[in-house]
Amino acid sequence: MQTEFVVHTQGPGLYEFTSDIREWADQWSADGVLTLFVRHTSCSLLIQENADPEVQTDLQAFFERLVPASDHPAMSYLRHTYEGPDDMPAHIKAALMPVSLTIPVSQGRMVLGNWQGIYLFEHRTAPHQRRVAAHLA
Amino acid sequence: MQTEFVVHTQGPGLYEFTSDIREWADQWSADGVLTLFVRHTSCSLLIQENADPEVQTDLQAFFERLVPASDHPAMSYLRHTYEGPDDMPAHIKAALMPVSLTIPVSQGRMVLGNWQGIYLFEHRTAPHQRRVAAHLA
Amino acid sequence: MQTEFVVHTQGPGLYEFTSDIREWADQWSADGVLTLFVRHTSCSLLIQENADPEVQTDLQAFFERLVPASDHPAMSYLRHTYEGPDDMPAHIKAALMPVSLTIPVSQGRMVLGNWQGIYLFEHRTAPHQRRVAAHLA
């Protein structure tokens, strides 16, 4: 069974959509594997703690420092800059974090740990509609 | 077919459990795919060289330098610090390395390369029991 | 259905093999999931933008700076150096980027976004034959 989730983003940060996935996967009652795949090269999928929102703020802060905007002096070696100072850093972050995730499903339930949430990690500044393909079998 | 592996950790480092997986997967004699999924947000799954143990030491040393403890001056921007100086860096490392792995199985054997071992990479200081969900189909 | 792709590399960089995969997957006309798995610990699989080749140059430049060769002063803490100055950095890059990818297939077509290409990211200097196991079901 397949579907596509759309996550609307308003700038960099983590957008949780665990409950959307759970609602859809509820039609499934057997064992299986859920595959998620994000159809873009400037955002990521991420499983992270969903208890303290400061974890998400800190994650974003770390990656902003690891991969600054391309108009930052430390990034002057970048060549792909014509799509804006946030574009090439977004591609780099997309290389550092997952484009696909696979989650076993046991008797219809994803085997997520207690504090695990599923996020779309947006790396671009402008609003985007991000499409995530899902397959459960 | 599904199971859960438990990996007991005693501080940061790589813990190989390839042989546990192989022993379980031996019940399977056909083609398929093995999915591994770690049910935590402060450790990772990793496939790495299992020939020279210094590769594992060096990997840990690199990530310690890339993401120092949150009481290190370079990390003073972190906010999620109340679970200890090793907690938020552990979440960051968990974002940088896999939470899930998928390995094709051919006629009952994982298609691992000659030197590939499967590791739980522990990022926290205190001992933990790490649960890894497995699905083979 | 299973196969193995061989990607011939001539030094560090991204080698696209999307069309090889598409040609093979064309035998499949139903829904499913494609699993790719690279059988080495010193190169990576990567899905990235295939429009502007400077994205690939910049990706390589970023990772060269993040993980310099082991004879660089900043990397003097590395111990696994006897296989050459590019070997341990290659293992580190292989930890930072995917060893496996899973891509949903809908009515026989991979659900790749418009600009997504599938790459073997070579981290070593010498020419290599890189083997990528594929499973589609």
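In what follows, every chain begins at residue 1, and chains take the letters A, B, ... in the order their sequences are listed. Reckoned from all heavy atoms, side chains included, excluding hydrogens, waters and symmetry mates.
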So with a 6.0 Å cut-off around CH2 of B:Trp28, is the heavy-atom count from everything else above 12?
yes

Hey, could you give me the CG/CE distance between B:Asp52 and C:Met88, rounded to the nearest 0.5 Å?
9.0 Å

Is chain B contacted by the side chain of C:His40, its backbone, both, or neither, given a heavy-atom distance below 4.5 Å?
backbone

Using a cut-off of under 4.5 Å for heavy-atom pairs, which of B:Ala137, B:Pro98, B:Gly32 has the most such pairs with chain C?
B:Gly32

Taking atom CD as the centre, does B:Gln27 end up with more than 12 heavy-atom neighbours from other residues, nucleotides or ligands that are less than 6.0 angstrom away?
yes

What pair of heavy atoms forms the shortest contact from C:His135 to B:Asp31, and how long is it?
CE1-C, 4.4 Å

For the side chain of C:Gln2 and the backbone of B:Val105, is there at least one donor-acceptor N/O pair under 3.5 Å apart?
yes

Could you tell me whether the side chain of B:Asp58 and the main chain of C:Leu78 form a donor-acceptor pair under 3.5 Å?
no

Residue part contacting chain C, namely of B:Phe121, when any heavy atom lies under 4.5 Å:
neither

Is the shortest side-chain heavy-atom distance between B:Leu101 and C:Val99 below 4.5 Å?
yes

Closest heavy-atom pair, B:Val111 versus C:Ala133, reported as atoms and distance to 0.1 Å, is CG2-CB, 3.6 Å

Please flag which part of B:Leu96 lies under 4.5 Å from any non-hydrogen atom of chain C: side chain, backbone, both or neither.
both

Between atom CE of B:Met110 and atom CZ of C:Arg39, what is the distance when rounded to the nearest 0.5 Å?
11.5 Å

Best-contacting candidate, C:Met1, C:Met75, C:Glu4, C:His80, against chain B by heavy atom pairs under 4.5 angstrom:
C:His80

Hey, are the side chains of C:Tyr77 and B:Thr57 touching, using non-hydrogen atoms and a 4.5 Å cut-off?
no

Closest non-hydrogen atom pair between C:Ala95 and B:Gln48, with its separation
N-NE2, 3.7 Å

Give a yes or no on this: more than 12 heavy atoms of other residues, nucleotides or ligands lie within 6.0 Å of atom CH2 of B:Trp24.
yes

Between B:Asn114, B:Val33, B:Ile47, which residue shows the highest count of heavy-atom pairs closer than 4.5 Å to chain C?
B:Val33

Within the 4.5 Å heavy-atom criterion, are C:Phe37 and B:Gln116 side-chain neighbours or not?
yes

Rounded at 0.5 Å granularity, tell me how far OG1 in C:Thr41 sits from CG in B:Leu112.
11.0 Å

Within the structure provided, determine whether B:Leu66 and C:Leu66 are in side-chain contact (heavy-atom separation under 4.5 Å).
yes

